[in-house]
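One structure is given here, and the rest of the page talks about it.
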Amino acid sequence: MEHKDEDFVHIPRIVGFGGEWLFEEGVTTDALRDCQKKVAKALFSFDSSFMKDGDLLADYVSSLVDVVNQIRKLGKNLNEKKVIEKILRSLLKKYGHIVVAIEESKDLNKGGLDWLKKVAFKLSA
């Protein structure tokens, strides 16, 4: 079911994360808490992620993009540029030259997560 902006109401946050929460009007407190716990768990997973030896670049980036999409589906808006910067910071040092090339390219500002995912797949091939 497609929702419009007027279908949502601002509900104050319970978990200690900033930003605005958007949920359907009439949501129960238990449902709100449950959703915010899921968001908090996903945010922690995203924030504490760092690439490990043996991880493939494409798989790692794809898994983080999946976590970000889960967070967004739960109603939490994340700044695209900050998400990309976090992903780039969490890569192994051996990908430093790739990080520099991506940061210096003008595509970073307009490419978004889909663009980053495509770049990671191309570089992993």
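Each residue takes its place number in the sequence, starting with 1.
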How many angstroms lie between [atom1] in [X] and [atom2] in [Y], if you round to the nearest 0.5 Å?
X     : Y     : atom1 : atom2 : value
Tyr60 : Leu92 : OH    : CG    : 8.5 Å
Leu43 : Ser48 : CG    : OG    : 10.5 Å
Lys73 : Lys38 : NZ    : NZ    : 12.5 Å
Ile84 : Lys82 : CD1   : NZ    : 13.0 Å
Asp59 : Met51 : CG    : CE    : 8.5 Å

Within the 4.5 Å heavy-atom criterion, are [X] and [Y] side-chain neighbours or not?
X     : Y     : answer
Lys94 : Leu57 : no
Arg72 : Val68 : yes
Phe46 : Val83 : yes

According to side chain to side chain donor-acceptor pair (under 3.5 Å), who are the partners of Ser49, at least two apart in sequence or on a separate chain?
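With neighbours one apart ignored, the set is empty.
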Quick check: does any side chain N or O of Asp55 sit under 3.5 Å from a backbone N or O of Lys52, one acting as donor and the other as acceptor?
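At least one qualifying donor-acceptor pair exists.
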For Leu113, does its backbone N or O pair with a side-chain atom of Glu80 as donor and acceptor, under 3.5 Å?
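Looks like yes, one N/O pair under 3.5 Å.
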I need the minimum non-hydrogen distance between Lys86 and Phe50, along with the two atoms involved.
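Between these two residues, the closest heavy atoms are NZ-CZ, 4.1 Å.
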Do Lys118 and Asp114 meet the salt-bridge criterion of a basic N to acidic O distance under 4.0 Å?
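Result for this pair is no, no salt bridge flagged.
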Give me the one residue out of Val67, Asn69, Leu74 that meets side-chain contact (heavy atoms from CB on, under 4.5 Å) with Ile71.
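So, applying the side-chain contact (heavy atoms from CB on, under 4.5 Å) to Ile71 and each of Val67, Asn69, Leu74, only Val67 qualifies.
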